[in-house]
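Only one structure is covered here, and it is reproduced in the block below.
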Amino acid sequence: ALHVAREALAKLQGRELELVHKVTEMTGDISSLTAKLDSSTLNATKLQDELTKVKGEQAEQARLIKKLQRKTLLISKERDSAKGILESVEKEMTLSGNQWEQEKIVALEKTLEEYKAMVNMLMDKEDGIE
């Protein structure tokens with residue numbers, strides 16, 4: 001009976017030693033996983049900050065693109081106006097005085113209407129942006 005009790009005690013002590021060893025391993029694993037989690041959290045925060053920065057830059061670029069599009073539109077209108085003036089001068093050289101004056105008035109009125117429409121459109125766009 002004593003021999004059986006000693007064997008049982010030896011088994012229990014062996015099992016206790018195994019469990020203590022497993023607890024030590026698991027504690028180490030927990031520490032390692034906690035460090036990885038902290039590192040991943042820091043990485044996620046950095047990526048989120050970078051994403052926010054990129055979105056801000058993208059919004060600024062979109063604003064600049066709209067501004068450049070408006071300027072391009074104005075430049076195109078100025079170019080068309082200059083073409084109209086050139087055509088008007090060319091007609092002036094070929095038409096009689098009264099006929100030329102009538103065509104010039106019509107052309108200037110058309111240019112004025114285009115500029116009014118352009119200003120109204122740009123004002124509407126700017127109201128939409130702000």
>> Walk me through whether Glu113 and Lys110 qualify under salt bridge (charged side-chain N to carboxylate O under 4.0 Å, His left out).
In response: CA-CA 5 Å; Glu113 288 301 316; Lys110 180 181 174 194; over 6 Å; no

>> Determine whether Arg70 and Leu74 satisfy the following criterion, side-chain contact (heavy atoms from CB on, under 4.5 Å), listing intermediate values before the conclusion.
In response: CA-CA 6 Å; Arg70 286 193 304 268; Leu74 285 174; 5.7 Å; no

> Where do Glu18 and Arg15 land on the salt bridge (charged side-chain N to carboxylate O under 4.0 Å, His left out) test, with the steps shown first?
Replying inline: CA-CA 5 Å; Glu18 286 178 28; Arg15 181 75 178 133; 3.4 Å; yes

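Taking a 6.0 Å sphere around CD of Glu50, one finds it holds 12 or fewer heavy atoms contributed by other residues, nucleotides or ligands.
Taking CG from Leu12 and CG from Leu19, the interatomic distance works out to 10.5 Å, rounded to the nearest 0.5 Å. In this structure, CG on Leu86 lies 11.0 Å from OG on Ser81, to the nearest 0.5 angstrom. Going from atom CE of Met123 over to atom CE of Met118 covers 13.5 Å, rounded to the nearest 0.5 Å. With rounding to the nearest 0.5 angstrom, the CD atom of Glu16 is 10.0 Å from the CG atom of Leu9. How far CG of Leu2 is from CZ of Arg6: 4.0 Å, rounded to the nearest 0.5 Å. To the nearest 0.5 angstrom, Thr111 atom OG1 is 7.0 Å from Ile85 atom CD1.
Between Glu25 and Lys22, none of the side-chain N atoms (NZ, or NE/NH1/NH2) sits under 4.0 Å from a carboxylate O, so this pair counts as no salt bridge.
Between the side chain of Thr45 and the main chain of Thr41, a donor-acceptor pair closer than 3.5 Å is present. No donor-acceptor pair under 3.5 Å is formed between the side chain of Ser32 and the backbone N or O of Gly28.
Annotation: side chain of Lys55 is in contact with side chain of Leu51 (closest heavy-atom distance under 4.5 Å). Side chains of Glu57 and Glu60 form no contact here, defined as non-hydrogen atoms less than 4.5 Å apart. In this structure, Leu112 and Lys116 have side chains that are in contact, with non-hydrogen atoms separated by less than 4.5 Å.
For the pairing with Gln69, the side-chain contact (heavy atoms from CB on, under 4.5 Å) check across Ile65, Thr72, Leu73 returns one residue only, Ile65.
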